[in-house]
Amino acid sequence: MSSKHRVAVLEDNVALREEVAFLLQEEGFAVEAFGTAAEFFQVHGENPFELLLLDLGLPDRDGIDVAQALLNRQDDIGIIMLTAREGLGERVKGLMAGADTYLTKPFELAELLAHINALLRRKNYYTGGMSWRVELSSHQLVAPNALSALELTPTEACIMKQLARHYPEHAPRAELVSGLGEDYLLYDERRLEQIMSRLRKKIRERCDASPIKAVRGRGYIFSEPVELAV
């Protein structure tokens with residue numbers, strides 16, 4: 001889905017910076033990673049990025065100031081803030097400074113990928129027809145550009161409904177189970193894992209894609225743009 005979109009990772013933690021950059025490169029993005037704001041601005045000024053993953057605790061400049069500077073310059077760049085600052089005031093400050101979305105550390109890489117794809121789509125970097133579509137009336141999952149349609153069982157359709165509704169966030173296990181008409185407190189979660197395993201296998205075999213990711217200890221997420229059609 002990425003088609004070599006240019007993404008900058010501005011993060012002072014070397015291990016996290018390298019891990020995120022590697023993930024995005026594996027997903028097909030053109031990634032450059034930076035440890036300081038000065039390095040980022042130098043490259044961005046010469047060859048602008050489409051999206052910035054921005055840490056707030058930088059050694060040479062606060063991430064809020066970086067976002068504000070990009071906003072003041074009216075740069076057409078999407079910003080996802082990645083930070084351990086999780087208070088409401090900090091989130092509001094980040095969004096007011098120009099961030100499009102805000103993820104607190106630690107975060108799941110699958111969830112980050114979903115936010116990246118959602119933001120690129122909102123910024124119109126994806127062309128029409130580049131979303132998956134859940135057709136509830138016909139119990140089908142339609143692949144991007146309608147290249148293939150996957151027949152879903154009623155159970156799988158309920159699961160996809162919840163995943164689409166929560167995108168780009170993860171769908172909690174409790175809500176997935178409730179969507180199946182079951183009592184989460186009495187439900188054997190191994191059944192949910194079996195359902196998800198079969199659904200992921202069907203999508204992989206029919207559509208040659210693996211957009212459903214597990215978010216450890218929390219639920220599942222559809223990591224590519226997806227919309228719900230009644």
Side-chain angles (χ1 to χ4, degrees), residues 1-3 23-24 26-28 80 86 100-104 106-230:
M1 297 288 291
S2 53
S3 188
L23 165 77
L24 298 184
E26 288 292 294
E27 292 291 333
I80 297 178
E86 57 183 354
D100 294 278
T101 189
Y102 192 108
L103 288 180
T104 55
F107 54 84
E108 288 284 335
L109 294 178
E111 198 153 14
L112 171 61
L113 182 59
H115 278 273
I116 289 172
N117 284 325
L119 179 54
L120 288 173
R121 187 165 184 266
R122 290 202 304 272
K123 292 286 186 180
N124 295 320
Y125 292 132
Y126 287 128
T127 58
M130 291 300 287
S131 289
W132 294 77
R133 189 172 70 255
V134 182
E135 298 279 2
L136 291 180
S137 60
S138 59
H139 285 184
Q140 287 187 326
L141 175 62
V142 182
N145 288 329
L147 295 178
S148 59
L150 184 67
E151 299 294 332
L152 302 172
T153 66
T155 295
E156 292 167 345
C158 287
I159 292 292
M160 282 305 312
K161 177 181 178 181
Q162 293 298 327
L163 293 175
R165 280 183 169 177
H166 281 83
Y167 178 80
E169 309 289 343
H170 73 277
R173 286 176 171 266
E175 292 192 30
L176 289 170
V177 171
S178 297
L180 298 175
E182 301 280 356
D183 185 338
Y184 181 65
L185 297 178
L186 303 176
Y187 190 79
D188 184 349
E189 290 195 47
R190 288 175 297 183
R191 291 172 56 193
L192 178 62
E193 292 170 2
Q194 291 170 355
I195 293 169
M196 300 305 296
S197 178
R198 288 194 298 268
L199 178 56
R200 294 166 80 174
K201 182 179 180 181
K202 284 176 65 173
I203 296 174
R204 184 170 59 251
E205 292 179 348
R206 179 65 183 273
C207 305
D208 192 27
S210 300
I212 297 178
K213 313 289 186 184
V215 179
R216 286 174 293 179
R218 291 188 285 172
Y220 292 86
I221 191 168
F222 205 89
S223 63
E224 298 182 7
V226 60
E227 52 194 36
L228 193 60
V230 179

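Just so you know, these numbers come straight off a predicted model, no measurement behind them.
When atom types are taken as modelled, the side chain of Asn117 and the backbone of Ser223 share a donor-acceptor pair closer than 3.5 angstrom. Side chain of Tyr167 to main chain of His115: no donor-acceptor pair is present (N/O by atom type, distance under 3.5 Å, no hydrogens or angles). Judged purely by atom type and a 3.5 angstrom limit, Arg133 has no side-chain atom pairing as donor or acceptor with the backbone of Ala143. Ser131 contributes no side-chain N or O that, together with a main-chain N or O of Val226, makes up a donor-acceptor pair within less than 3.5 Å. A donor-acceptor pair under 3.5 Å is formed between the side chain of Glu156 and the backbone N or O of Thr153. A donor-acceptor contact shorter than 3.5 Å is absent between the side chain of Ser197 and the backbone of Glu193.
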Test log, rule side-chain contact (heavy atoms from CB on, under 4.5 Å), inputs Leu24 and Ile116: CA-CA 10 Å; Leu24 298 184; Ile116 289 172; 3.6 Å; yes
From CA spacing to verdict: side-chain contact (heavy atoms from CB on, under 4.5 Å), Leu136, Lys161: CA-CA 8 Å; Leu136 291 180; Lys161 177 181 178 181; 4.0 Å; yes
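Ile212 contributes atom CD1, which lies 7.5 Å from atom CG of Leu141 (distance to the nearest 0.5 angstrom). Atoms CD and CZ, from Gln194 and Arg190 in turn, are 8.0 Å apart once rounded to the nearest 0.5 Å. To the nearest 0.5 Å, atoms SG (Cys158) and CG (Leu176) are separated by 10.5 Å. A distance of 6.0 Å separates CD1 of Ile80 from CG of Leu112, quoted to the nearest 0.5 Å. Rounding to the nearest 0.5 Å gives a distance of 10.0 Å between CG of Leu109 and CD of Glu27.
In this structure, the side chains of Arg173 and Glu189 come closer than 4.5 Å at one or more pairs of heavy atoms. Here the side chains of Arg218 and Pro172 are not in contact, with every heavy-atom distance at 4.5 Å or above. Between Ile221 and Leu163, the closest side-chain pair of non-hydrogen atoms is not below 4.5 Å. Side-chain contact between Gln140 and Leu150: absent, with no pair of heavy atoms (C-beta onward) separated by less than 4.5 Å. Residues Leu192 and Met196 are in side-chain contact: their nearest non-hydrogen atoms beyond the backbone lie under 4.5 Å apart. Looking at heavy atoms from C-beta onward, Leu199 lies in side-chain contact with Met160 at the 4.5 angstrom threshold. Phe222 places none of its side-chain heavy atoms less than 4.5 Å from the side chain of Ile159. In this structure the side chain of Leu180 reaches within 4.5 angstrom of the side chain of Ile195, judged on heavy atoms.
Contact record, His139 with Ala157: CD2-CB, 3.8 Å, taken as the closest heavy-atom pair. Contact between Pro211 and Ile203 at its shortest, heavy atoms only, is CD-CG2, 3.7 Å.
Of the charged side-chain nitrogens involved, none lies within less than 4.0 Å of a carboxylate oxygen, so that Glu108 and Lys213 do not count as a salt-bridged pair. Salt bridge status for Lys202 with Glu151: absent, with no side-chain N to carboxylate O gap under 4.0 Å. Classification of Glu224 and Arg121 as a salt-bridged pair fails, no side-chain N sitting under 4.0 Å from a carboxylate O.
With a 6.0 Å radius and a threshold of 12 heavy atoms from other residues, nucleotides or ligands, Asp208 has its CG atom at or below the threshold.
Gln162 and Tyr220 share no donor-acceptor pair across their side chains, judged by distance under 3.5 Å alone.
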